[in-house]
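Residue numbers start at 1 and run along the sequence shown. Bear in mind the structure is a predicted one, so any value in this text is a computation, not a measurement.
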Amino acid sequence: MDEVVRIVNNIKQGDIKPIYFLMGEEPYYIDKLTEFIEDNILPEEEKGFNQMVIYGKDVTVEEVISSARRYPMMAERQVVIVKEAQELSRTIDRLESYAENPQPTTVLVFAYKYKTLDKRKKVTKLIEKSGVVYESKKLYENQVADWIRRVLSGKKYNIEPKASAMLVEFLGNDLSRISNELDKLAIILPEGSTITPKHIEDNIGISKDYNVFELRKAIGEKDQLKAYKIADYFTQNPKDNPLVVTTGLVFGFFSQLLLYHGLKDKSPGNAAKVLKVNPFFLKDYDIALRNYPMKKVSAIVSALRDIDVKSKGVGANSISQGYLLKEMLVKIFA
């Protein structure tokens, strides 16, 4: 995110490069940077003649170069944007000659999603020398909550840790989907609001009481009644609560708990860093630590591996997901 801010600020200050190669597994920032360049390099009255958007599946690298080589019409520069540029991956090396001597009056942008250039290749080094090569990497799920907080802070909103956790558990690390949901909330809620689990439930459709976060909490507290109620809800709503996701997250919880048991330094700062969780949630791990001795946690982790395999249909084609979910709870609470 810091690199994105730097690129944007440089453009705002007039430091505009002739080539921007935006690549990587996370499309969110590639789209945001492409959109920013599309909206801000040229004044509106110049875009008709001097801004071109083309798609990788419709052109060759040679045609892209030909477009980039032409001169702007009655303007200081032109902008050529190649969307879905990953479609040119097999011939992208042919860009070498242009990258070596780019047209100074052209801003050439490649939105190269889900793939990356080999940084050891000549074409990459040439682009880096004359322009910008930006790699947009996927965030790990334990990094997404902090990303949500930073994005909302920029919009002058706050969010409760539980509300943030609900979004991550429901949407994973898909930043585009999360951003869309945050935009919806920003339309509904006044600036300066703190987003709560109730806001998430009312406006996004994620239950604040029946979700994996609450299931893990109930399991950690050994609240069997609550855990089985949530399991029943999941059984009745399997599309919104796939077993493979549920078992994966519960497995992750007990794996972290096993790691917590083994920590010599259980201070909040160190524990949150090692477990990669928000310090706000450490109290849930402390409760589970008291309820599940290390030997029991090891047995649960082993049992969850078996449930996970069955949830994926291996050796359990005729067993319903509801049955497997209850089997998981029986083995945890045994």
Practice task
State, with a plain yes or no, whether a side-chain heavy atom of L258 is found less than 4.5 Å away from one of S298.
Solution key: yes

Practice task
Would you check, one step at a time, whether the test side chain to side chain contact (heavy atoms under 4.5 Å, CB included) holds for Y28 with S136?
Solution key: CA-CA 8 Å; Y28 176 79; S136 183; 5.9 Å; no

Completion exercise
Test side chain to side chain contact (heavy atoms under 4.5 Å, CB included), reference Q51, set E46, E44, R77, E38, output is E38

Exercise for the section: Can you see which heavy atom on A231 is nearest to which on L325, and at what distance? Expected result: O-CD2, 3.5 Å

Handout entry: Aromatic ring proximity, centroids under 6.0 angstrom, W147 and Y140
Key = no

Exercise for the section: Would you mind checking if E3 and R6 are paired as a salt bridge, meaning a charged N to carboxylate O distance below 4.0 Å? Expected result: yes

Exercise for the section: Output yes when D284 and R216 qualify as a salt bridge under the 4.0 Å nitrogen-oxygen rule, no when they do not. Expected result: no

Problem - Minimum heavy-atom distance between S130 and P18, given as atom pair plus value - result: O-CD, 3.2 Å

Practice task
Determine, for E100 against K125, whether the closest basic-nitrogen to carboxylate-oxygen distance falls under 4.0 angstrom.
Solution key: no

Practice task
Indicate if V107 and F110 have the same hydrophobic cluster label, given that clusters are the connected sets of ILVMFWY residues with side-chain heavy-atom separations under 4.5 angstrom.
Solution key: no

Handout entry: Euclidean distance, L171 CG relative to S176 OG, rounded to 0.5 Å
Key = 11.0 Å

Problem - Close side-chain approach of I204 and K184, heavy atoms under 4.5 Å - result: no

Practice task
Look at R177 together with E181 and state whether they make a salt bridge at an N to O cut-off of under 4.0 Å.
Solution key: no

Problem - Distance, nearest 0.5 Å, that separates CZ of F280 from NZ of K162 - result: 9.0 Å

Exercise for the section: Kindly indicate whether the side chain of P242, heavy atoms from C-beta on, has any atom under 4.5 Å from the side chain of V245. Expected result: yes

Exercise for the section: May I ask you to say whether D286 pairs ionically with K283, meaning some side-chain N is under 4.0 Å from a carboxylate O? Expected result: no

Exercise for the section: Starting from the C-alpha separation in whole Å, work towards a yes-or-no answer on side chain to side chain contact (heavy atoms under 4.5 Å, CB included) for I148 and I178. Expected result: CA-CA 8 Å; I148 291 171; I178 293 172; 3.9 Å; yes

Exercise for the section: Please determine if R94 and E62 form a salt bridge, counting it only when a charged side-chain N lies under 4.0 Å from a carboxylate O. Expected result: yes

Exercise for the section: Please work out whether the ring planes of F253 and Y285 are parallel, tilted or perpendicular, with thresholds of 30° and 60°. Expected result: tilted

Handout entry: Contact summary for T196 and E160, nearest pair of heavy atoms
Key = CG2-OE2, 3.4 Å

Exercise for the section: For residues M328 and L324, determine if any side-chain heavy atom of one lies less than 4.5 Å from a side-chain heavy atom of the other. Expected result: no

Handout entry: Joint hydrophobic cluster, I195 plus L175, side-chain heavy atoms closer than 4.5 Å
Key = yes

Practice task
Starting from the C-alpha separation in whole Å, work towards a yes-or-no answer on side chain to side chain contact (heavy atoms under 4.5 Å, CB included) for V53 and V82.
Solution key: CA-CA 6 Å; V53 177; V82 187; over 6 Å; no

Exercise for the section: First locate atom CG of L117, then atom CD1 of I127, and finally report the distance between them rounded to the nearest 0.5 Å. Expected result: 5.5 Å

Handout entry: Check: L304 and V250 side chains under 4.5 Å, non-hydrogen atoms
Key = yes

Practice task
Evaluate the side-chain proximity of D202 to H199: yes if any heavy-atom separation is below 4.5 Å, no if none is.
Solution key: no

Problem - Under-4.0 Å salt bridge between E25 and K115 - result: no

Practice task
Report, as yes or no, whether the 6.0 Å neighbourhood of atom OH on Y71 holds more than 12 heavy atoms from other residues, nucleotides or ligands.
Solution key: no

Practice task
Is it possible for you to check whether K222 lies under 6.0 Å from the centre of the six-membered ring of Y292, through NZ or CZ, and within 45° of that ring's axis?
Solution key: yes

Exercise for the section: Answer yes or no: is there a side-chain heavy-atom contact under 4.5 Å between K17 and I7? Expected result: no

Handout entry: For L215 against T246, the heavy-atom pair lying closest together
Key = CD2-CG2, 3.7 Å

Practice task
Give a yes or no answer on whether the side chain of T247 reaches the backbone of L243 with a donor-acceptor pair at less than 3.5 Å.
Solution key: yes

Fill in the blank from the handout: With P72 as partner, the option from T105, T106, V79, L42 fulfilling side chain to side chain contact (heavy atoms under 4.5 Å, CB included) is T105

Handout entry: Centroid separation F213 to F281 less than 6.0 Å
Key = yes

Problem - Interatomic spacing from OH in Y228 to CD in Q224 - rounded to 0.5 Å - result: 6.0 Å

Handout entry: E26/K113 salt bridge by N-O under 4.0 Å criterion
Key = no

Exercise for the section: Output yes when D223 and K217 qualify as a salt bridge under the 4.0 Å nitrogen-oxygen rule, no when they do not. Expected result: no

Handout entry: Ring centres under 6.0 angstrom apart (Y20, Y134)
Key = no

Exercise for the section: Answer whether the closest heavy-atom distance between the side chains of Y260 and L275 falls below 4.5 Å. Expected result: yes

